A.B. asks: 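Could you have a look at this structure, given as structure tokens, before my questions?
Please read these numbers as outputs of a predicted model, since none were measured by experiment. Atom set for the values below is all heavy atoms of this structure, side chains included, hydrogens, waters and symmetry mates excluded. Labels below follow one simple rule: chain letters A, B, ... track the order of the sequence lines, proteins then strands, and each chain is numbered from 1.
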2 protein chains.
Amino acid sequence: MVEESARAPARTRLLDAAEELFYERGIAATGVDSVLRRAHVAPATLYAHFAGKDHLVAAYLQRRHERWWDVWDDVLERCGDDPVRRALSVFDALAELGSRSRTGRGCAFLGAAVEITDPDHPAHAWLVTGNRLLTDRLRELAAGTGALDADALAAELLLLYDGELAAGRRRATGGSPPPSVAVRDLAAAAVDRHRRAG
Amino acid sequence: MVEESARAPARTRLLDAAEELFYERGIAATGVDSVLRRAHVAPATLYAHFAGKDHLVAAYLQRRHERWWDVWDDVLERCGDDPVRRALSVFDALAELGSRSRTGRGCAFLGAAVEITDPDHPAHAWLVTGNRLLTDRLRELAAGTGALDADALAAELLLLYDGELAAGRRRATGGSPPPSVAVRDLAAAAVDRHRRAG
DNA sequence: GTCTATATGTCGATAGAC
DNA sequence: GTCTATCGACATATAGAC
């Protein structure tokens with residue numbers, strides 16, 4: 001992933017390069033030139049595959065989303081029918097994603113949401129979609145636990161999830177990195193609490 | 001704050017305009033031109049007050065940090081000596097800040113940390129400083145509660161704080177806004193738990 | 001599809017008068 | 001300190017040959 005194989009298709013090399021650079025340095029701060037150089041691709045080739053930088057950004061987010069979703073699906077499958085394990089799966093998936101992709105700078109979607117404010121941006125739809133899929137699934141999993149107030153539990157899980165992701169960005173900021181916290185344990189406690197009382 | 005008084009000093013008008021635009025649309029996406037137009041200030045005047053856009057960004061972050069810190073100090077003073085109230089003060093301050101400044105798009109520092117990746121950027125020091133002051137104070141307040149593991153409690157408070165701030169950004173992304181959660185109650189529970197057992 | 005070379009717009013910053 | 005006018009650099013995107 002660090003060195004794009006020169007034999008891979010240009011489109012793949014472009015996406016690999018874009019992913020690294022957009023994630024690491026930010027989207028606006030990354031010029032198309034940098035992507036081209038890293039991918040060993042000529043300008044015209046990029047515009048043969050993507051309508052423009054904005055669409056490359058959209059493809060980057062789509063890819064990132066699909067990878068995250070695949071990981072979560074895998075984890076979820078391994079959970080079987082245990083409703084509590086399923087509700088906590090998002091944190092297991094988070095840990096597994098960290099070992100597969102670059103996550104040192106926090107959540108890619110959170111970062112993109114900061115930089116992309118125009119609703120007409122081609123990538124904006126992926127931000128909204130990712131948002132909805134996440135909240136819907138959390139609600140569904142929370143309801144599966146038999147929690148008295150499933151929406152409240154889902155909101156708590158989302159809070160912990162966001163906190164963990166934001167912390168990633170905070171650590172990348174430098175200075176003294178704050179200590180990690182066992183977020184999965186906190187989530188487990190939340191699930192337990194909601195199963196007992198409303 | 002929406003309409004900069006034309007009588008205010010140029011520097012103030014610039015900072016007001018910069019704060020609104022940087023926060024609302026992002027730093028990189030905001031051209032110097034936009035700031036100048038909104039502030040009713042001529043280009044040369046900006047560069048008479050600031051060494052460049054980067055330094056305007058730094059001043060923006062400094063101002064934002066100081067306002068946040070002032071609010072938190074006020075809240076903290078009203079807490080008296082009650083260690084639990086003091087440990088939870090950050091969430092009260094967050095609520096109060098929301099009524100004083102624009103917070104609809106989440107944490108300004110989190111956003112800036114996404115866009116500013118160069119350690120040599122003039123604003124980078126404020127990111128690091130803000131980080132350290134926050135974590136130090138949380139640790140201090142956590143220790144004041146008599147928690148058995150103050151560092152762990154501080155980490156939990158930070159997690160909830162980050163989660164709440166990230167959620168703000170998520171809500172701004174559009175789509176179906178996730179329900180808010182009573183983050184202060186969760187924090188209170190965390191404090192309580194840490195006071196009882198390690 | 002891929003290349004080299006180039007057009008076009010925008011942004012940050014400055015010059016020089018007042 | 002403030003203005004008007006403008007420069008120079010860079011980034012996105014395209015033209016035209018292969």
A.B. asks: Could you walk me through whether B/D33 and B/R37 satisfy the salt bridge (Lys or Arg N to Asp or Glu O under 4.0 Å) test, starting with their C-alpha distance in whole Å, then the side-chain angles of each, then the deciding distance to 0.1 Å, before giving a yes or no?
C.D. replies: CA-CA 6 Å; B/D33 274 10; B/R37 256 181 287 126; 5.1 Å; no
A.B. asks: More 5' along DNA chain C: A/A10 or B/V32, using each one's nearest nucleotide?
C.D. replies: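 By nearest-heavy-atom nucleotide position, the 5'-most residue is A/A10.
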A.B. asks: For DNA chain C, determine which residues of residues 44-59 of chain A have any heavy atom closer than 4.0 angstrom to one of its atoms, and list them numerically.
C.D. replies: A/A44, A/T45, A/H49
A.B. asks: What is the distance, to the nearest angstrom, from the CZ atom on A/R37 to the P atom on C/dT4?
C.D. replies: 14 Å
A.B. asks: How would you label the contact of B/T30 with the nucleic acid (heavy atoms, under 4.0 Å): base, sugar-phosphate, or nothing?
C.D. replies: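 B/T30: backbone/sugar contact only, no base atoms under 4.0 Å.
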A.B. asks: Which residue in the set B/L133, B/T103, B/L97 passes side chain to side chain contact (heavy atoms under 4.5 Å, CB included) when paired with B/W68?
C.D. replies: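 Output: one option passes, namely B/L97.
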A.B. asks: Is the backbone N or O of B/E24 less than 3.5 Å from a side-chain atom of B/R105, with the two atoms forming a donor-acceptor pair by type?
C.D. replies: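 The answer is yes, because a donor-acceptor pair under 3.5 Å joins these two groups.
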A.B. asks: Without decimals, in angstroms, what is the distance between B/H121 NE2 and C/dG12 P?
C.D. replies: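 Distance check: B/H121 NE2 to C/dG12 P gives 11 Å.
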A.B. asks: Is the number of heavy atoms from other residues, nucleotides or ligands under 6.0 Å of B/R63 CZ greater than 12?
C.D. replies: yes
A.B. asks: Rounded off to whole Å, could you give me the CG-to-C1' distance for the B/L14 and C/dG12 pair?
C.D. replies: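 Those two atoms, CG and C1', are 15 Å apart.
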A.B. asks: Between D/dT4 atom C1' and B/D33 atom CG, what is the distance in whole Å?
C.D. replies: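 B/D33 atom CG is separated from D/dT4 atom C1' by 14 Å.
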A.B. asks: In whole Å, I'd like the distance from the CG atom of B/L36 to the P atom of D/dA5.
C.D. replies: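 Going from CG in B/L36 over to P in D/dA5 covers 15 Å.
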A.B. asks: Look up atom CG in A/N131 and atom CZ in B/R171, then write down how far apart they are to the nearest 0.5 Å.
C.D. replies: 10.5 Å
A.B. asks: Inspect the contact between B/D73 and B/R137 and indicate whether a charged nitrogen and a carboxylate oxygen are less than 4.0 angstrom apart.
C.D. replies: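 Between B/D73 and B/R137 there is a salt bridge, with a charged N closer than 4.0 Å to a carboxylate O.
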